[in-house]
Amino acid sequence: KYFPQIHEMSYLNSFRCANAPTPARAAELEKNFRGQCGRAAQAIFASDVLLVVTGAGFSADSGLAVYADVARIPAYARRGLDYADLCEPDHLRSEPELFYGFWGQCFNDYRRTGPHRGYEIIARWRDDKQRGDGGGGDHSADGDVAGRIRTRIGKTSRQDIHAGDEELPAGAFHLFTSNVDAHSYDYFRAGEIYECHGNIELWQCSSSVWDGSGCPSTIWRAPLRHEFLVDPHTMLAPRRRGVGAGNVGASNVGHDATPETEEGGGARLGRTTGTKKRDDARLLRYLPASRDTKGWRQAEGENWPVCGHCATLARPAILMFGDADFECDEDQLERWDRWRRAVPDVVCRDAGGGGRVCVLEIGCGLRVPTCRDTSEDLLEELEERGGAERATLVRINPDFPLAPLMEDAGCCEVIPIMSTGLAAIEQIDELYREIANGKLSNVDGDRNGTVEERIEKIPATTEIDQLLAPLEKLRLSKRQIV
């Protein structure tokens, strides 16, 4: 009554505790890491539809800073600024040097740092789902479920902001992400991606932030070879190039653009820890060109981009805190909505349905639960429409791998993996390829017996799991995963 913020904090803490394993459960999950990855590999291989949901943890595996670490810089500490402060759009009006210093350095870091190997692995799984198999086959041929999803969706309309061909509907695979680094476009087609917070490569006019005037521009791409000038000591971006301490350095990886450091290593804004350079041949190769060719304008010597229509300062098309003027990619949103509606129809309603759905969630925390909610919403709908036995949630998270609401409601099979994203993906892929080659090893290295027999040898992780094990084995048998 008197301290509502305490009640809100108590609710959040309760939610965190419910999603975090007890010390005993955590120890069991860590001990049985390979077994859990084996279950995940089976679920992914057996699925007809694969939805991959990625959060900040997936981006961190590339060596990029996230949330609390991104602003761990003396220049910001001296001013008492944290990540939430820096992500407010009002800085564009009150202190554009600070605004472009923060977002400009984010832009530079994301452009320089290569996506980790997990993207390539998931892209291969994507190809398998689109063909309708777990390996081999004709890349040009749709799998049965992929074809039915595309038929239900129909052809998408030409994007408002992009030139070029229409995007083919996503079929049996989709990627939903809250990350704004745009690394997904190095491996996945635009029609397969939904970025709920936008991305750093798309920019928009800020006129509505200033005076509410309606600018005719939409959103547009930043130039492929662009780089912002940011002072590494103040983290401010001067309006004109040649003013201040100079650029942040040559394009590299594992770079440290901020010479003043706090104690402790790790990534932060201006310092990435990735070891992989961005591949020029892959760089944003599936991000379509801007249809609005007048959008981005930058006069010679200028460091801040402006709108080519009205000359107002430009801003990233990223959803910031307290942001009423974010311009989302409406065509991307429409493609996602159509795919999201089509999947339950195809899996649960179509004649000859019965396809299996796997939701693979990687590095999605509780700070902004949009990604976790997206995973669970789809699985709840499948359960409501009689598809619970056809659905699996693989939740990879080093801190909060559990899905108590899903387990309590019996919405789906839940496979918690207590790990960082890339480590789990690489282990799952090793087992996935063994399944595809017909030589899966269980956790004890035994290569004999049927898949069901090998799964039975994977130990349950808790007393509750042991009680549920007979029902789980019956479910796996019914799904006929091989």
Side-chain angles (χ1 to χ4, degrees), residues 8 54-56 59 64-71 76 79-110 160-161 176-182 184 193-222 228 230 235-237 269 287 290 292 295-296 304-307 309-334 336-337 364-374:
E8 181 179 348
T54 63
S59 183
L64 298 173
V66 296
Y67 296 137
D69 295 330
V70 72
Y76 294 143
R79 301 182 57 174
L81 297 172
D82 61 16
Y83 178 77
D85 298 323
L86 294 164
C87 286
E88 292 183 0
D90 289 346
H91 290 306
L92 181 58
R93 182 175 185 176
S94 62
E95 191 177 359
E97 295 88 353
L98 177 67
F99 181 89
Y100 287 112
F102 176 74
W103 289 111
Q105 190 60 56
C106 286
F107 182 94
N108 293 346
D109 288 352
Y110 298 164
D160 288 341
I161 67 163
F176 182 104
T177 184
S178 62
N179 295 328
V180 299
D181 51 38
S184 300
I193 300 170
Y194 178 61
E195 300 154 307
C196 63
H197 295 159
N199 76 61
I200 195 69
E201 295 291 341
L202 295 180
W203 289 65
Q204 66 178 78
C205 180
S206 65
S207 58
S208 57
V209 176
W210 290 47
D211 56 21
S213 62
C215 177
S217 68
T218 53
I219 52 180
W220 4 273
R221 280 186 60 169
F228 283 93
V230 180
M235 296 308 294
L236 300 179
L269 189 65
L287 179 61
S290 302
D292 184 351
W296 177 287
W304 302 348
V306 300
C307 172
H309 295 268
C310 67
T312 302
L313 288 176
R315 52 157 285 185
I318 289 175
L319 180 62
M320 305 177 196
F321 293 114
D323 191 353
D325 298 296
F326 165 60
E327 294 249 4
C328 73
D329 184 339
E330 294 183 0
D331 292 286
Q332 188 189 70
L333 174 60
E334 178 63 21
W336 160 249
D337 283 343
C364 302
L366 302 177
R367 184 189 297 262
V368 181
T370 305
C371 289
R372 292 170 81 99
D373 291 346
T374 296

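Side chains included, hydrogens not; waters and symmetry mates left out as well; all remaining heavy atoms used. Predicted model, so just to flag it, every value in this text is computed and none were measured. FYI, the numbering just counts along the sequence from 1.
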Taking Gln204 for the side chain and Glu327 for the main chain, is one N or O donor matched with an acceptor at less than 3.5 Å?
yes
Of Trp296, Phe326, Trp103, which meets ring pair (Phe, Tyr, Trp, His ring centres under 6.0 Å) against Trp203?
Trp296
Using side-chain heavy atoms (C-beta onward) and a distance below 4.5 Å, is Val230 in contact with Leu236?
no
Working for side chain to side chain contact (heavy atoms under 4.5 Å, CB included), residues Asn108 and Gln105
CA-CA 5 Å; Asn108 293 346; Gln105 190 60 56; 4.0 Å; yes
Does a side-chain heavy-atom distance below 4.5 Å link Thr370 with Ser178?
no
Nearest heavy-atom neighbours spanning Cys205 and Thr312:
SG-CB, 3.9 Å
Quick one: pull up NE2 in His197 and SG in Cys371 and give me the separation to the nearest 0.5 Å.
7.0 Å
With sequence neighbours excluded, tell me which residues meet ring-ring contact (aromatic ring centres under 6.0 Å, His included) with Tyr110.
none
Is a donor on one side and an acceptor on the other found under 3.5 Å between the side chain of Asn199 and the backbone of Asp181?
no
Rounded to the nearest 0.5 Å, what's the gap from SG on Cys196 to CG on Asn179? Could you check?
8.5 Å
From CA spacing to verdict: side chain to side chain contact (heavy atoms under 4.5 Å, CB included), Leu81, Leu98
CA-CA 11 Å; Leu81 297 172; Leu98 177 67; 4.0 Å; yes
Heavy-atom pair with the smallest gap, counting every atom of Leu64 and Ser59:
CD1-OG, 3.4 Å
Are Val180 and Glu195 close enough that some pair of their side-chain heavy atoms sits under 4.5 Å apart?
no
Hey, are the side chains of Tyr76 and Asp82 touching, using non-hydrogen atoms and a 4.5 Å cut-off?
no
Applying side chain to side chain contact (heavy atoms under 4.5 Å, CB included) to Ser207 and Cys307, what does each step give before you reach the verdict?
CA-CA 9 Å; Ser207 58; Cys307 172; over 6 Å; no
For the OH atom of Tyr194 and the CG atom of Asp337, what is their distance to the nearest 0.5 Å?
7.5 Å
Do side-chain atoms of Asp109 reach the backbone of Cys106 as a donor and acceptor pair under 3.5 angstrom?
no
Whether Tyr83 and Phe102 hold their rings parallel, tilted or perpendicular, with breakpoints at 30° and 60°
perpendicular
Would you indicate whether the side-chain heavy atoms of Arg315 and Asp325 approach each other to under 4.5 Å?
yes
Between Asp85 and Gly80, which heavy-atom pair has the shortest distance, and what is it?
OD2-O, 3.5 Å
Minimum side-chain heavy-atom gap Phe99-Pro316 below 4.5 Å
yes
Here the gap from Cys328 atom SG to Leu319 atom CG, rounded to the nearest 0.5 Å, amounts to 9.5 Å
Between Ser206 and Leu313 (side chain of the first, backbone of the second, donor and acceptor by atom type, cut-off under 3.5 Å), is there such a pair?
yes
With sequence neighbours excluded, residues passing ring-ring contact (aromatic ring centres under 6.0 Å, His included) with Trp304
Tyr100
Keeping the roles fixed (side chain from His309, backbone from Thr218), state whether a donor-acceptor pair exists under 3.5 Å.
no
Heavy-atom pair of closest approach, residues Cys87 and Met320:
O-CB, 2.8 Å
Quick check: do Asp331 and Glu334 have side-chain heavy atoms less than 4.5 Å from each other?
no
Closest contact, heavy atoms only, Glu88 versus Ala84:
CG-O, 3.5 Å
Which pair of non-hydrogen atoms, one from Ala56 and one from Val66, has the smallest distance, and what is that distance?
O-CG1, 3.5 Å
Interatomic spacing from CG in Leu287 to CG in Leu202 - rounded to 0.5 Å:
6.0 Å
